[in-house]
Amino acid sequence: YSNTSVFKRRGPGQQEEGPPPDISISDTRVVIERQDRHKFFDLEVRRLKCELDKQERILTMATDADVLVKSFSFNTEKGSFLKDKVVSGRCNVNFNVASKILEFNKARVHIDGHPFALTGRFFPNVKPDPFVLHIQADNIPYRQATALLTPAIQQNDAVRHLAKAD
């Protein structure tokens, strides 16, 4: 079952009226599974407030979130990022409705209680799904940082080599 149709574009002659509505979600489980593309996202949304503003082709989402990530798998065969970690904070996310590019710049969030700055661009309509993601965190303990990665990456020799250098 899916109720995502509320987010789809209206047909010809059904023009949007007024500004987009703000969104507020609390105590909700969100599960998105794309078996054909090996993607699985399972989020316990404790709180999500999203103020929307649309200027020309850019939809800006000012978000305030507190989410427990149960699974964040871009490739289910390789495992989940952020498994059982809390992500919280306020940030702006821009979505270009024409090009379908999603981006954010220096978004300040807390992951597992540690502050991060995230900058990213995602191209969901391009296959394979290219993206650019910059992650910055200062003074994060090695074990806490690697716990955010998939099990496959955690077992990678290059990542384990970093532990020895630490």
Side-chain angles (χ1 to χ4, degrees), residues 1-8 23-50 59 61-96 100-166:
Y1 171 75
S2 175
N3 59 0
T4 58
S5 62
V6 298
F7 299 110
K8 296 198 187 229
I23 298 171
S24 181
I25 300 172
S26 61
D27 301 322
T28 302
R29 187 97 178 239
V30 176
V31 177
I32 301 170
E33 184 173 17
R34 298 283 309 266
Q35 288 182 344
D36 60 328
R37 296 174 82 184
H38 305 285
K39 298 184 184 315
F40 182 71
F41 306 96
D42 182 358
L43 310 170
E44 287 184 9
V45 179
R46 297 171 176 173
R47 180 189 77 255
L48 174 64
K49 293 182 181 180
C50 188
L59 178 65
M61 299 166 273
T63 64
D64 178 10
D66 182 14
V67 177
L68 173 61
V69 177
K70 300 301 286 178
S71 179
F72 209 75
S73 298
F74 294 98
N75 183 334
T76 53
E77 294 172 0
K78 295 184 179 180
S80 173
F81 289 92
L82 305 173
K83 184 153 183 72
D84 296 321
K85 303 298 181 200
V86 174
V87 177
S88 62
R90 296 173 185 232
C91 65
N92 287 337
V93 178
N94 293 321
F95 180 70
N96 186 310
K100 307 297 187 217
I101 295 173
L102 181 79
E103 60 187 337
F104 43 89
N105 188 27
K106 296 180 183 171
R108 304 255 180 233
V109 298
H110 281 80
I111 302 173
D112 197 26
H114 196 87
F116 285 79
L118 308 175
T119 298
R121 281 187 98 181
F122 295 83
F123 307 84
N125 278 3
V126 179
K127 293 180 184 170
D129 306 352
F131 66 92
V132 176
L133 181 61
H134 298 276
I135 303 169
Q136 180 182 350
D138 295 327
N139 300 316
I140 185 169
Y142 174 81
R143 288 191 193 279
Q144 188 179 7
T146 58
L148 305 177
L149 304 173
T150 68
I153 295 173
Q154 290 177 29
Q155 297 305 314
N156 183 296
D157 287 335
V159 173
R160 289 193 296 201
H161 177 71
L162 287 174
K164 293 176 184 174
D166 192 24

Exercise. Is the closest side-chain heavy-atom distance between Leu102 and Arg121 below 4.5 Å?
Worked result: no

Problem set entry | Under 3.5 Å: donor-acceptor pair, side chain of Gln154, backbone of Leu149 | yes

Exercise. Rounded to the nearest 0.5 Å, how far apart are CD of Gln144 and CD1 of Ile111?
Worked result: 10.0 Å

For this session: Mind listing the closest non-hydrogen atom pair of Gly79 and Thr150 along with its distance?
Result: O-CG2, 3.5 Å

Exercise. Between CD1 of Ile23 and CE of Met61, what distance do you get to the nearest 0.5 Å?
Worked result: 8.5 Å

Exercise. In chain order, what residues pass the side-chain contact (heavy atoms from CB on, under 4.5 Å) check against Ile135, with sequence neighbours excluded?
Worked result: Phe116, Leu118, Leu133

Enumerate, atom names and distances included, each donor-acceptor pair closer than 3.5 Å involving a side-chain atom of residues 80-92, sequence neighbours excluded.
| residue | atom | partner | partner atom | Å |
| --- | --- | --- | --- | --- |
| Ser80 | OG | Phe72 | N | 2.7 |
| Lys83 | NZ | Lys70 | O | 3.3 |
| Asp84 | OD1 | Lys70 | NZ | 3.1 |

Exercise. Any ion pair linking Arg46 and Asp27 (charged N to carboxylate O, less than 4.0 Å)?
Worked result: no

Exercise. Atom CG in Leu43, atom CG in Leu68: separation rounded to 0.5 Å?
Worked result: 8.5 Å

For this session: Sequence neighbours left out, what passes salt bridge (Lys or Arg N to Asp or Glu O under 4.0 Å) with Asp36? Give chain and number order.
Result: Arg34

For this session: To the nearest 0.5 angstrom, please state how far the NE2 atom of His110 sits from the CG atom of Asp66.
Result: 11.5 Å

Problem set entry | Check: Thr28 side chain, Ser26 main-chain N or O, donor-acceptor pair, under 3.5 Å | yes

For this session: Report the residues that fulfil salt bridge (Lys or Arg N to Asp or Glu O under 4.0 Å) with Lys39, sequence neighbours left out, ordered by chain and then residue number.
Result: Asp129

Exercise. Should Phe74 and Phe131 count as side-chain neighbours, where that means a heavy-atom distance under 4.5 Å?
Worked result: no

Exercise. Who pairs with Glu44 by salt bridge (Lys or Arg N to Asp or Glu O under 4.0 Å), at least two apart in sequence or on another chain?
Worked result: Arg29

For this session: For the residue pair Lys106 and His134, establish whether any side-chain heavy-atom pair is separated by less than 4.5 Å.
Result: no

Exercise. By side-chain contact (heavy atoms from CB on, under 4.5 Å), which residues pair with Ala145, not counting sequence neighbours?
Worked result: Ile140

For this session: Would you check if Phe95 and Lys100 make a side-chain contact, meaning some heavy-atom pair closer than 4.5 Å?
Result: yes

Exercise. Is there a side-chain contact between Val31 and Phe40, using heavy atoms and a 4.5 Å cut-off?
Worked result: yes

